[in-house]
Amino acid sequence: MAFDAPQAAVYGRRYKTLSELNLILLGPPGAGKGTQADKLKDDFGLPYIGTGDLLRKHKEDGTELGREAKSYMDNGDLVPDGLVIRMILEEIEEKGSDGFLLDGFPRSAGQAEALAEALADMGRSLTAALLIEADDETVIRRLSGRRQCKNGHLYHVEFDPPKNEGFCDQDGKPLFQRDDDKEETIKKRLATYHQKTEPLIGYYEERGLLRRFDGARSPEEVHNLIRATLASLRFEESL
Ligand SMILES: [Zn+2]
């Protein structure tokens, strides 16, 4: 792999951009984005910027941006793109000088354009948008089979069943399905995903930034393919 330390050190001195991995994660719920994000964080020490968490953090800490966001949310309005981008940029400036992994934003082509402009103002740009694909059938099968007990132990009726059907192996508590994992809810989330995110995929494809991965493969396989892709992106940059 091209990421061994001595090489990174040499490139790091000569070409700053080579050490920068400015990444966006895209994909439907249930495609395995969270798992891949964890692995990428471990591999490259990239700060993970999940916009849902970021919004919550700002509100809890009562920052100026958080108070501004809260005023929209209290009125039942969406937090404007500009405000979310300011939070993201602040996070990137604080923690992401060598790269970042952005999840949950942008969700539309308009937001993607706004993010591209904001990054350009910092003299930076995206390295790639990583799309982890999974068809609706796969997503529904994965998510609707999840079960948990009230202590948060997780199972899957098909892929990781408990020894006694309907009961937790660890504490014997009954297992239940979260509302988020009900088939009707999943179908709604998928419909929203297709409607809003497909134009975004086109946006990154046109700009040569999109890289597709088959989320039906094992998490380990997807992870290796992502690593190989990032290695070749860095190699191309070095030529
Ligand atoms: Zn349990």
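Note that ligands are numbered from 1 as they come in the structure, with each ligand's atoms numbered from 1 the same way.
- Annotation: side chain to side chain contact (heavy atoms under 4.5 Å, CB included) contacts of P199 (sequence neighbours excluded): none.
- Residues satisfying the salt bridge (charged side-chain N to carboxylate O under 4.0 Å, His left out) criterion with K196, sequence neighbours excluded, are absent altogether.
- Pairs passing the salt bridge (charged side-chain N to carboxylate O under 4.0 Å, His left out) check and including a residue from residues 101-126, sequence neighbours excluded, read E20-R124, K33-D103, E113-R207.
- Side-chain contact annotation: D135 with T138, donor-acceptor N/O pair under 3.5 Å present.
- K173 has no carboxylate O lying under 4.0 Å from a charged side-chain N of D171, or vice versa, which leaves the two without a salt bridge.
- Taking distances strictly below 2.8 Å, the protein N/O/S atoms close to the Zn ion (ligand 1) are C149 SG, H153 ND1, C168 SG, D171 OD1, D171 OD2.
- The existence of a salt bridge linking E91 and K95 is confirmed by a sub-4.0 Å separation between a basic side-chain nitrogen and an acidic carboxylate oxygen.
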